[in-house]
Amino acid sequence: MNNAPIGVFDSGVGGLTVAREIMRQIPNERIVYFGDTARVPYGSKSKDIIIKYSRQIIRFLLTENVKAIVIACNTASAFAIETMQQEFDIPIVGVVKPGAKVAAETTKNGRIGLIGTEGTIRSGVYADYIKSFRENTEVIGKACPLFVPLVEEGMLHDEVTDIVANRYLSELKNKDIDTLIMGCTHYPLLRSTVAKIMGEGVNLVNPAYETAIELKNVLTRENIANVCEVDSPSSMYRFYVSDDEDKFKTFANSILPFDITMTQQINIEEY
Ligand code: DGL
């Protein structure tokens, strides 16, 4: 059991920012990653659909004998984690609660900005968690839907991205926030752009970092952490997608510290 992999899933490539953080912080854990590249984006879809997709993906990951699940997608964490935790008898960690916790701990003035997909902002789940960790906070949300395609097009340092980011973030600039949650898998890849616009007085929170810590704590608490030696990445990590593998591989190889060789396409609708 302790040698079994962690199942990590996302609507597509973005969750690799979370997988990357898990690989960095808990290098001796195996990972089976699933990217739902055929049905991305999740950010504009309804709660019911996201619950259905999450259920199918967890059923698939269980066939890979995973010992715990990480919902790397913010939208799926916001909409589906409670239902999934009720339905499946396996530890399930999402990105929203750890991200909310660190934001609540970071803010001094209680004014927190949140950027994410339409679904994540609409759900209000980040604000609910933040208030459960610290009363008297105000969460000011702003959906930034164009960030996802800009990142996927590789336009991380581009004048078009600067213009879009300035437009989105201008709404948050005069709100006196001292903390900003990058509440979408893709946004940490735009960190320098966001930091430049928001200025030094605003702390940026990347929920992926805290999620890896939370996962490590859960594995220890459940006594299922892997204590064996580390192998090479090719045997430690497996990648599955629901659509064409090539685009996924190109993106993965641009952000992971090693090149992935094997990615397998599966029919997720069968699960
Ligand atoms: N992975 C999604 C999230 O973190 C962003 C991409 C999408 O909309 O599917 O919310």
Side-chain angles (χ1 to χ4, degrees), residues 7-22 33-54 56-58 61 69-82 84 92-100 102-103 113-127 129 139 141-156 161 164-165 168 180-191 194 204-212 214 239-243 247-248 251-252 255-256 268:
V8 178
F9 79 86
D10 178 52
S11 53
V13 293
L16 290 168
T17 59
V18 180
R20 177 176 73 171
E21 198 54 44
I22 297 169
Y33 182 95
F34 176 78
D36 201 357
T37 48
R39 305 188 293 194
V40 67
Y42 282 12
S44 51
K45 295 196 169 72
S46 70
K47 178 171 180 167
D48 286 351
I49 285 289
I50 301 302
I51 287 176
K52 177 187 151 192
Y53 290 175
S54 300
Q56 287 177 321
I57 295 167
I58 293 177
L61 289 171
I69 303 269
V70 175
I71 307 184
C73 177
N74 286 258
T75 313
S77 296
F79 280 146
I81 191 162
E82 281 183 14
M84 296 305 106
I92 302 179
V93 174
V95 287
V96 171
K97 192 174 173 188
V102 70
L114 167 68
I115 51 177
T117 65
E118 286 162 31
T120 298
I121 302 297
R122 188 165 24 97
S123 75
V125 173
Y126 262 106
Y129 276 123
V139 179
K142 174 70 187 160
C144 304
L146 289 175
F147 280 177
V148 168
L150 286 169
V151 168
E152 293 199 5
E153 287 304 316
M155 295 166 74
L156 303 186
T161 307
V164 172
Y168 282 145
L180 177 64
I181 304 172
M182 294 185 287
C184 173
T185 46
H186 294 60
Y187 299 2
L189 297 170
L190 297 176
R191 186 180 190 109
V194 174
L204 300 186
V205 169
N206 174 7
Y209 181 81
E210 291 301 315
T211 301
E214 167 75 1
F239 298 88
Y240 292 89
V241 285
S242 49
D243 197 359
K247 207 168 171 212
F248 178 89
F251 190 91
I255 71 156
L256 293 177
I268 194 65

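Along the sequence shown, the residues carry numbers beginning at 1. First listed ligand is number 1; within each ligand, the first listed atom is number 1.
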Response to the item:
A student checking ligand 1 against C184 at a 4.0 Å heavy-atom cut-off should list atoms 3 (C), 4 (O), 5 (C)
Fill in: Subset of ligand 1 atoms that lie under 4.0 Å from at least one heavy atom of S11
1 (N), 2 (C), 6 (C), 7 (C), 9 (O)
Discussion item. Are any of the N/O atoms on H186, whether in the backbone or the side chain, positioned under 3.5 angstrom from an N/O atom of ligand 1?
Written reply: no
Discussion item. Looking at Y168, I'd like to know if its OH atom is crowded, meaning that more than 12 non-hydrogen atoms belonging to other residues, nucleotides or ligands lie closer than 6.0 Å.
Written reply: yes
Worksheet item: Does ligand 1 have a heavy atom under 4.0 Å from the side chain of N74, from its backbone, from both, or from neither?
Response: both
Worksheet, complete the sentence: In ligand 1, the atoms that come under 4.0 Å of a heavy atom of P41 are 7 (C), 8 (O), 9 (O)
Discussion item. Under the rule for side chain to side chain contact (heavy atoms under 4.5 Å, CB included), what residues qualify as partners of A212, not counting sequence neighbours?
Written reply: E21, I22, Q25
Item to complete: Run the numbers for me: atoms of ligand 1, each under 4.0 Å from some heavy atom of T117, listed by number.
Response: 5 (C), 8 (O), 10 (O)
For residues 142-156, run the donor-acceptor check on the side chains, cut-off 3.5 Å, and write out each pair with its distance to 0.1 Å, sequence neighbours left out.
| residue | atom | partner | partner atom | Å |
| --- | --- | --- | --- | --- |
| K142 | NZ | E171 | OE2 | 3.0 |
| E152 | OE2 | H186 | NE2 | 2.8 |

Item to complete: Report the distance from atom SG of C73 to atom OH of Y53, rounding to the nearest 0.5 Å.
Response: 12.0 Å
Worksheet item: Tell me, which protein residue and heavy-atom name are nearest atom 2 (C) of ligand 1, and how many Å apart are they?
Response: C73 SG, 3.5 Å
Worksheet, complete the sentence: Quick note on ligand 1: atoms under 4.0 Å from a heavy atom of G43 include exactly 7 (C), 8 (O), 9 (O)
Discussion item. Could you tell me, atom by atom, which parts of ligand 1 come under 4.0 Å of a heavy atom of D10?
Written reply: 1 (N)
Discussion item. So if I count the atoms of ligand 1 from 1 in the order they appear, which ones are less than 4.0 Å from some heavy atom of T75?
Written reply: 3 (C), 10 (O)
Worksheet, complete the sentence: Counting from 1 in the order shown, the ligand 1 atoms closer than 4.0 Å to a non-hydrogen atom of Y42 are 7 (C), 8 (O), 9 (O)
Response to the item:
Which of I268, D36, V70, I69 passes side chain to side chain contact (heavy atoms under 4.5 Å, CB included) with F9? It is I69
